[in-house]
Amino acid sequence: LTLLCSAFSWAQYTTYEIENVGTISVSDDMELQAGAYAEQIRGVLNILRVGANDRVVFQQKNLNTLEEDSFGTYARIIVETYYGDYATMNPNQRVTVQDLQTIGKAMKQKLQNDFSGTPIKLLSFLGTTTVKINNQLAIKSSYTRQYADNPPVRVDYYVFQNRDRTHNITLSYRIEDATQWKNKLQHSINSVKIIKR
């Protein structure tokens, strides 16, 4: 994905326009992943079998320059786009409890498969539900995970269907740092506006 521009700033947030996706407002305590750190991450993504194309990542500030204080916490906003033959999800479409149970079961199994043979372990799967964000329906799955001996991380994963693509937005932060990141990441997801295809 190509980040077009920083549209404007107010208070402690900047709104970014992401080409072919839409806009998102991100805390000024975060930065776009770039530079030497981004190159290191590409190697990790390859090991974890995660593609790095069509992906924009925001992380805690000063991590790109590997400043020591940036390693004391962890927060991410990851925006990924996948292309395929997806049906348009009507914002008023009703998703049944059975649909959500099926999606949740599939998501949990996918996480277990993806983490198998890696340093990441799934600690708990917290469920799947639907949410409406700026009149856009999304399916949200939440779970906790742990990378090696690092502190546990809370993950909220949102899927927006948009005709021939899905936009997946992942919010994650260390559980012990919830007071620092939870509200900022919630602000970001509440700000998302997807360009309709």
Tell me whether the rings of F125 and Y143 are parallel (<30°), tilted (30 to 60°) or perpendicular (>60°).
parallel
When clusters are formed by joining ILVMFWY residues with side-chain heavy atoms under 4.5 Å apart, either directly or through shared neighbours, do [X] and [Y] land in the same one?
{"X": "M30", "Y": "L32", "answer": "yes"}
{"X": "Y157", "Y": "F115", "answer": "yes"}
{"X": "I120", "Y": "L126", "answer": "no"}
{"X": "V57", "Y": "L171", "answer": "no"}

Checking T144 against I175 for the side-chain contact (heavy atoms from CB on, under 4.5 Å) test, could you report, in this order, the C-alpha distance in whole Å, the side-chain angles of both residues, the deciding distance, and whether it holds?
CA-CA 9 Å; T144 60; I175 294 169; 3.7 Å; yes
Calculate, to the nearest 0.5 Å, the distance between atoms [atom1] and [atom2] belonging to [X] and [Y] respectively.
{"X": "L122", "Y": "N113", "atom1": "CG", "atom2": "CG", "result": "11.0 Å"}
{"X": "R145", "Y": "L123", "atom1": "CZ", "atom2": "CG", "result": "9.5 Å"}
{"X": "I189", "Y": "N134", "atom1": "CD1", "atom2": "CG", "result": "9.5 Å"}
{"X": "I24", "Y": "Y13", "atom1": "CD1", "atom2": "OH", "result": "11.5 Å"}
{"X": "F58", "Y": "T14", "atom1": "CZ", "atom2": "OG1", "result": "9.5 Å"}
{"X": "H187", "Y": "S27", "atom1": "NE2", "atom2": "OG", "result": "8.5 Å"}

Apply side-chain contact (heavy atoms from CB on, under 4.5 Å) to I78 and I169, showing your working.
CA-CA 6 Å; I78 302 172; I169 301 176; over 6 Å; no
I194 and V192: side-chain contact (heavy atoms from CB on, under 4.5 Å), yes or no, with the steps?
CA-CA 6 Å; I194 302 291; V192 168; 3.7 Å; yes
Residues T128 and S141: closest non-hydrogen pair is OG1-OG, 2.8 Å
Side chain proximity check, W181 to Y74, heavy atoms < 4.5 angstrom
no
Across all chains, not counting sequence neighbours, the side-chain contact (heavy atoms from CB on, under 4.5 Å) partners of T129 are V131, K140
Using a 3.5 Å distance criterion without hydrogens, assess whether the side chain of D99 forms a donor-acceptor pair with backbone atoms of T96.
yes
Hey, is the main chain of Q98 close enough, under 3.5 Å, to the side chain of T102 for a donor-acceptor pair?
yes
Ion pair check, K61 and E31, cut-off under 4.0 Å
no
Could you please spell out the steps behind the side-chain hydrogen bond (donor to acceptor under 3.5 Å, both in side chains) verdict for Q146 and N150?
CA-CA 6 Å; Q146 187 172 19; N150 290 343; over 6 Å; no
Return yes if a side-chain donor-acceptor contact under 3.5 Å exists between R174 and Q180, otherwise no.
no
T130 and L137: CA distance, side-chain angles, deciding distance, side-chain contact (heavy atoms from CB on, under 4.5 Å) verdict:
CA-CA 7 Å; T130 56; L137 186 65; 3.9 Å; yes
